J.: 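Take this structure, written in structure tokens, and hold onto it; I'll ask about it next.
Worth knowing before you read on, the calculation uses all heavy atoms, side chains too, and leaves out hydrogens, waters and symmetry mates. The shown structure was predicted, so the numbers you read here are calculated from the model rather than taken from an experiment.
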Amino acid sequence: MVKMSLEHIRKVYPNQVIAAVPDYNLEIDDGEFTVFIGPSGSGKSTVLRMIAGLEDITSGEFKIGDKVMNDVEPKNRDIAMVFQNYALYPHMTVRDNMAFGLKLRKMNKEEIDTRVQKAAEMLSLEEFLDRKPANLSGGQRQRVALGRAIVRDAQVMLLDEPLSNLDAKLRVEMRSTISKLHQQLKNNMIYVTHDQIEAMTMADRIVLIDHGVIQQDGSPEELYNKPGNKFVAGFMGSPSMNLINVDVKGDKIITKDGKVSLKLPKSKSKLLKDKGYDGKEVVFGIRPEDIHTEPITKETYPGDTVNVKLDLVEPLGAETMLYFQLDNNNFVARVGSRDTSKTGENTELTFQLPNAHFFDPETEIVITNDETTYKSPTRQESDLANSKGTSLEGTKNSGKY
């Protein structure tokens, strides 16, 4: 296994002024399972295709180990790729599909058979080796596509939204299959998805991209619990973090319409005061699971309650979602399955403010005690990089707040 690095990678398509990927910097460690995630059109698949050699790099260097790979043919990069649409040959059996790439490399038949059999056992495909793709389910076809990549025994495996064509149950099964494969193969895997559940459950490291710019990268826990800016906070999580502009007045935050006032814990109040936000506007963020229908019993912070009208109550079996509004902003609370709230009713909700997040309304960067531990691009910097190629490095979040 080897390290990989992307140094000031830039991609501009012909006849386009704005760069699809303005200035991308990332290092990937040996054996790491890295997930690129972001909204549609964010540039995550473009970066993956540049790594594979399927897209030319406009400028910058892509290295595997110490070797620059920019001009190396895709077939010589020691990279295997799994596509979204499986890309299987319909006239070939499963065995022949998995073996095809090895035959092109003039590998001897005995070695090919050994590799195909080993991959089939890893993916529980032994009984399907003589079938053709038309006679397989979607999940089985996806496992064949994985098997074709596995037999390559490549240093790097790239997976471009491989589960998007599968139903919910199969996606859960395939997530488990791919995670187990990584544990067995211990190679570098780079996985592109827009599905946050896939990213959170599978990744060693998540790289969140927007408009070709890395907004934050780190462990799933870091991105979820310590978002570096408003975009990360609003993107990670399902449902995502509730966000609303409020005014800071002493030890309280007050909604713009003045109808809701919440008393902050001393640590949060001191943070905002020390950073010069007393009397100013901030963006207040709170996760749905930090809003409760039952009082918080902690003596250190009993919590303020807010009376709201529930627009919708959505029972989901193991949990229930409560939808309501604050100052014309949509909010959602995630509560227990035994909650008896009803749509249209008024209820008291408690906000667990020790877990709240605050962001600067202009830069959109998180307000923390130690600004030097994490560099997150501001919205203005992201826009500038997108248009001019300004250097914005994606750095691992240290998690120190």
Side-chain angles (χ1 to χ4, degrees), residues 1-9 11 21 24-36 44-58 60-84 86-89 95-123 142-162 177-193 202-205 207:
M1 299 301 109
V2 292
K3 287 188 176 182
M4 301 168 57
S5 63
L6 296 99
E7 301 173 3
H8 298 289
I9 295 296
K11 176 64 179 180
V21 178
Y24 196 94
N25 296 271
L26 189 70
E27 288 190 358
I28 298 174
D29 293 334
D30 295 353
E32 197 168 41
F33 194 126
T34 305
V35 173
F36 292 170
K44 54 189 184 297
S45 289
T46 301
V47 174
L48 195 79
R49 291 174 65 82
M50 286 192 285
I51 292 172
L54 303 178
E55 294 277 3
D56 292 332
I57 297 172
T58 304
E61 288 186 341
F62 164 52
K63 296 179 181 179
I64 296 181
D66 295 325
K67 184 177 181 181
V68 177
M69 307 299 290
N70 293 42
D71 299 322
V72 177
E73 290 292 320
K75 64 180 181 179
N76 297 325
R77 293 193 178 198
D78 199 15
I79 290 174
M81 189 161 182
V82 180
F83 296 92
Q84 179 179 349
Y86 317 139
L88 302 178
Y89 298 105
R95 187 189 308 276
D96 291 336
N97 263 285
M98 292 170 67
F100 185 68
L102 303 182
K103 291 178 180 178
L104 291 180
R105 288 169 175 76
K106 309 295 183 182
M107 189 174 289
N108 68 71
K109 186 177 185 303
E110 183 178 336
E111 177 65 16
I112 291 174
D113 290 343
T114 299
R115 290 195 183 192
V116 169
Q117 188 62 38
K118 181 180 178 181
E121 290 172 1
M122 292 173 70
L123 296 164
Q142 190 60 75
R143 292 209 301 272
V144 175
L146 282 170
R148 187 174 53 191
I150 290 170
V151 297
R152 289 275 311 278
D153 195 24
Q155 293 184 101
V156 181
M157 185 181 293
L158 309 179
L159 302 97
D160 190 5
E161 302 205 41
T177 298
I178 293 171
S179 295
K180 289 176 182 177
L181 275 177
H182 179 252
Q183 293 171 13
Q184 291 177 279
L185 299 173
K186 301 187 184 303
N187 59 355
N188 285 0
M189 283 193 181
I190 304 177
Y191 187 105
V192 164
T193 183
M202 299 170 69
D204 295 325
R205 178 183 180 191
V207 180

J.: Within a reach of under 6.0 Å around CG of Asn76, are more than 12 heavy atoms found that belong to other residues, nucleotides or ligands?
T.: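 More than 12 within 6.0 Å, yes.
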
J.: Is there a side-chain contact between Ile190 and Ile51 (heavy atoms, below 4.5 Å)?
T.: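 When only atoms from C-beta onward are counted, Ile51 and Ile190 do touch, with a gap below 4.5 Å.
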
J.: So which atom in Pro162 and which in Ile178 form the shortest heavy-atom distance, rounded to 0.1 Å?
T.: CG-CD1, 4.5 Å

J.: For a 4.5 angstrom cut-off between non-hydrogen side-chain atoms, does Ile64 reach Ile79?
T.: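 Yes, at least one pair of side-chain atoms sits under 4.5 Å.
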
J.: Would you find a donor on one side and an acceptor on the other, under 3.5 Å apart, between the side chain of Lys11 and the backbone of Asp56?
T.: yes

J.: Nearest 0.5 Å, please: how far is CE in Met202 from OG1 in Thr193?
T.: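 Reported value, rounded in 0.5 Å steps: 8.5 Å.
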
J.: Looking at Lys75 and Glu73, does any basic side-chain N land under 4.0 Å from a carboxylate oxygen?
T.: no

J.: Which of these passes side-chain contact (heavy atoms from CB on, under 4.5 Å) with Val192: Leu48, Leu159, Val47?
T.: Leu48

J.: For the residue pair Phe33 and Tyr191, does the interplanar ring angle fall in the parallel (under 30°), tilted (30 to 60°) or perpendicular (over 60°) class?
T.: tilted

J.: Could you list the donor-acceptor pairs under 3.5 angstrom formed between side-chain atoms of residues 95-105 and any protein atom two or more places apart in sequence or on another chain?
T.:
{"residue": "Arg95", "atom": "NH2", "partner": "Asp130", "partner atom": "OD1", "Å": "3.4"}
{"residue": "Asp96", "atom": "OD2", "partner": "Thr93", "partner atom": "OG1", "Å": "3.3"}
{"residue": "Asn97", "atom": "OD1", "partner": "Tyr89", "partner atom": "N", "Å": "2.8"}
{"residue": "Asn97", "atom": "ND2", "partner": "Tyr89", "partner atom": "O", "Å": "3.1"}
{"residue": "Asn97", "atom": "ND2", "partner": "Met92", "partner atom": "O", "Å": "3.3"}
{"residue": "Asn97", "atom": "ND2", "partner": "Thr93", "partner atom": "O", "Å": "3.1"}
{"residue": "Arg105", "atom": "NH1", "partner": "Gly101", "partner atom": "O", "Å": "2.9"}

J.: Is there a side-chain contact between Thr34 and Val207, using heavy atoms and a 4.5 Å cut-off?
T.: yes

J.: Does Lys67 have any side-chain contact (heavy atoms from CB on, under 4.5 Å) partners at least two apart in sequence or in another chain, and if so, which?
T.: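 Here the qualifying residues are Met69, Val72.
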
J.: Carefully, step by step, assess Gln155 and Asp78 under the rule side-chain hydrogen bond (donor to acceptor under 3.5 Å, both in side chains).
T.: CA-CA 6 Å; Gln155 293 184 101; Asp78 199 15; 3.2 Å; yes

J.: Step by step, would you call Asp160 with Val82 a side-chain contact (heavy atoms from CB on, under 4.5 Å)?
T.: CA-CA 6 Å; Asp160 190 5; Val82 180; over 6 Å; no

J.: I'd like to know whether Phe83 forms a side-chain contact (heavy atoms from CB on, under 4.5 Å) with Leu158, so could you lay out the CA-CA distance, the side-chain angles of the two residues, the decisive distance to 0.1 Å, and finally the verdict.
T.: CA-CA 8 Å; Phe83 296 92; Leu158 309 179; over 6 Å; no

J.: So, the side chain of Arg148 versus the backbone of Tyr86: is there a donor-acceptor pair under 3.5 Å, distance only?
T.: yes

J.: Judged by atom type as modelled, is there a donor-acceptor pair below 3.5 Å linking the side chain of Arg143 to the main-chain atoms of Leu123?
T.: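 Flag set: sc Arg143 to bb Leu123 pair under 3.5 Å.
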
J.: Output yes when a side-chain donor or acceptor of Glu32 lies under 3.5 Å from a complementary backbone atom of Asp29, and no otherwise.
T.: yes

J.: Does Asn188 reach the main-chain N or O of Met157 with its side chain, forming a donor-acceptor pair under 3.5 Å?
T.: no

J.: Distance check, rounded to the nearest 0.5 Å: Asn70 atom CG versus Arg77 atom CZ?
T.: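 Atom-to-atom, Asn70:CG and Arg77:CZ are 7.0 Å apart.
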
J.: Closer than 3.5 angstrom, by distance alone: can the side chain of His182 be matched with the main-chain N or O of Asn187 as a donor-acceptor pair?
T.: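 Yes, the answer is positive, given that a donor and an acceptor are paired below the 3.5 Å cut-off.
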
J.: Test Lys3 against Glu27 for salt bridge (Lys or Arg N to Asp or Glu O under 4.0 Å), laying out the working first.
T.: CA-CA 7 Å; Lys3 287 188 176 182; Glu27 288 190 358; 5.3 Å; no

